[in-house]
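Just below is one structure, and these are the notes that go with it.
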There are 2 protein chains.
Amino acid sequence: MGRWEPNARERLAEAALQLYAEQGYERTTVAQIARQAGLTERTFFRHYADKREVLFAGSPLQDLFVTAVAEAPAAAPLPDVLGAGLDAAAAMFAGRHAYALRRQAVVAAHAELRERELIKLAALAAALAGALRGRGEPEPTATLAAEAAVAVFKVGFERWITAADETDMVPLLRELLDELGRITART
Amino acid sequence: MGRWEPNARERLAEAALQLYAEQGYERTTVAQIARQAGLTERTFFRHYADKREVLFAGSPLQDLFVTAVAEAPAAAPLPDVLGAGLDAAAAMFAGRHAYALRRQAVVAAHAELRERELIKLAALAAALAGALRGRGEPEPTATLAAEAAVAVFKVGFERWITAADETDMVPLLRELLDELGRITART
């Protein structure tokens with residue numbers, strides 16, 4: 001094994017997902033993942049703490065989402081600020097439908113992985129609320145807006161991933177944000 | 001120990017919470033909880049599967065919330081339907097601030113209990129979406145509205161529980177529902 005390991009991180013993630021799908025998450029070992037990727041266990045542990053982390057670590061979702069919210073124009077109305085964050089989150093999934101679908105199948109089949117996914121979403125909401133407070137939004141507006149954005153992302157991701165064909169997640173999330181406005185609008 | 005055990009369920013919950021607060025959740029055993037409540041372990045296990053369940057089992061929150069949504073007038077606009085559900089959820093906390101505050105302190109201090117809380121909220125959202133579909137709401141409206149209602153409940157509960165004085169949760173949740181409408185409304 002040479003020291004030059006191009007895309008080791010991605011190769012390990014791909015190998016792990018393949019093995020989880022083929023033989024189950026529980027029965028897959030780190031040694032098997034490393035072998036399948038043509039890498040060593042040592043290399044695996046340079047990139048991931050354990051086999052669960054392969055599915056969760058290093059996603060730039062929260063950073064992209066939060067940064068876009070923080071950096072939206074100061075004068076932008078709140079729905080546009082949330083929309084900018086949702087756009088950035090959705091854009092990172094472009095071309096990743098097949099991978100996301102396989103990952104989701106593994107997560108959905110294991111209670112401990114579903115729990116971890118919920119915790120990641122709760123952390124995302126907390127980070128978004130912080131970014132909104134940083135923009136000068138008062139409470140409870142900041143926290144409520146953050147929860148609303150995460151709700152839109154959650155519902156949109158679910159629809160995107162279960163769609164038969166790969167669709168663009170960006171307009172999908174924008175439509176859901178508008179729909180949330182209609183749902184909660186006083187008639 | 002007689003066979004007549006009035007309020008055994010409540011006495012066990014109260015004893016458990018007291019011990020969790022005093023000596024920690026991990027260090028508390030079912031035997032200690034039963035003794036503190038003046039009951040037997042056998043009685044404990046007639047009411048709860050384990051010491052974690054004391055904090056989660058038997059809350060009527062989901063039933064009350066979902067039933068109120070399902071039974072709101074057929075012609076009611078969607079925000080009013082969600083409002084009816086939130087009213088029912090909030091009403092059950094009347095007079096329970098001190099208990100809820102102590103329970104929350106235990107949950108907040110333990111990752112596994114926080115995860116369990118997130119799972120309960122996800123189950124609540126799924127049940128609400130089902131009730132809304134039962135009222136004829138299409139998707140993604142039903143799921144999005146359910147997530148929005150849970151977001152309002154979550155933020156409102158947090159505010160209610162951290163308030164210095166016991167306040168009425170009903171108007172608090174209604175205000176947050178209105179605020180969510182303002183947040184997501186196009187300007």
Side-chain angles (χ1 to χ4, degrees), chain A residues 75-83 86 111-123 125-126 128-129 132 137-160 162-163 172-187, chain B residues 75-83 86 111-123 125-126 128-129 132 137-160 162-163 172-187:
Chain A
L78 192 42
D80 293 345
V81 174
L82 302 182
L86 289 165
E112 69 169 286
L113 301 178
R114 289 197 305 273
E115 288 179 21
R116 181 65 188 268
E117 193 98 302
L118 291 173
I119 290 161
K120 295 269 284 190
L121 289 174
L128 286 172
L132 290 165
E137 293 293 344
E139 287 294 358
T141 304
T143 298
L144 197 55
E147 292 286 347
V150 170
V152 166
F153 173 75
K154 198 173 152 193
V155 175
F157 179 81
E158 191 65 31
R159 286 183 79 76
W160 176 77
T162 54
L172 180 59
L173 295 193
R174 284 291 190 155
E175 278 162 38
L176 289 171
L177 183 59
D178 287 347
E179 174 68 8
L180 183 59
R182 285 190 292 273
I183 286 168
T184 53
R186 286 274 143 202
T187 49
Chain B
L78 193 41
D80 292 345
V81 173
L82 302 182
L86 290 165
E112 69 169 287
L113 301 178
R114 290 198 304 272
E115 289 180 19
R116 182 62 189 269
E117 192 98 302
L118 290 174
I119 290 163
K120 295 268 285 189
L121 289 175
L128 287 173
L132 290 166
E137 294 292 345
E139 287 295 355
T141 304
T143 299
L144 198 55
E147 292 286 347
V150 170
V152 166
F153 173 75
K154 200 173 151 191
V155 175
F157 180 81
E158 191 65 33
R159 286 183 79 76
W160 175 77
T162 53
L172 180 59
L173 296 194
R174 285 289 190 157
E175 278 162 38
L176 288 172
L177 183 59
D178 288 346
E179 174 67 8
L180 182 59
R182 286 188 293 272
I183 287 169
T184 54
R186 286 276 144 199
T187 48

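What you see below is based on every heavy atom in this structure, not just the backbone, and it leaves out hydrogens, waters and symmetry mates. Below, read A as the first sequence line, B as the second, and so on, with proteins coming before strands; counting in each chain starts at 1. All values reported here derive from a predicted model rather than from experimental measurement.
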(message) What's the separation between atom CD in A:Glu158 and atom CD in B:Glu147, rounded to the nearest 0.5 Å?
(response) 10.0 Å
(request) With the side chain counted from C-beta on, respond yes when A:Glu115 and B:Ile119 share a heavy-atom pair under 4.5 Å apart, and no when they do not. (result) yes
(message) Does any backbone or side-chain atom of B:Val152 lie under 4.5 Å from a heavy atom of chain A? Answer side chain, backbone, both or neither.
(response) both
(request) Please look at B:Glu139 and chain A and tell me whether the side chain, the backbone, both or neither of the residue comes under 4.5 angstrom of a heavy atom of that chain. (result) both
(message) What's the separation between atom CZ in A:Arg159 and atom OG1 in B:Thr143, rounded to the nearest 0.5 Å?
(response) 8.0 Å
(message) If you compare all heavy atoms of B:Pro79 against all heavy atoms of A:Ala185, which two are closest, and at what distance to 0.1 Å?
(response) CG-O, 3.1 Å
(request) State, yes or no, whether a side-chain contact exists between A:Val155 and B:Pro140 at a heavy-atom distance under 4.5 Å. (result) yes
(message) With a 4.5 angstrom heavy-atom cut-off, is it the side chain or the backbone of B:Leu82 that approaches chain A, or both, or neither?
(response) side chain
(request) Give the minimum heavy-atom separation between B:Gly181 and A:Thr184, together with the two atoms involved. (result) CA-OG1, 3.3 Å
(request) List the atom of B:Ala151, the atom of A:Leu144, and the distance in Å for their closest heavy-atom pair. (result) O-CD1, 4.2 Å
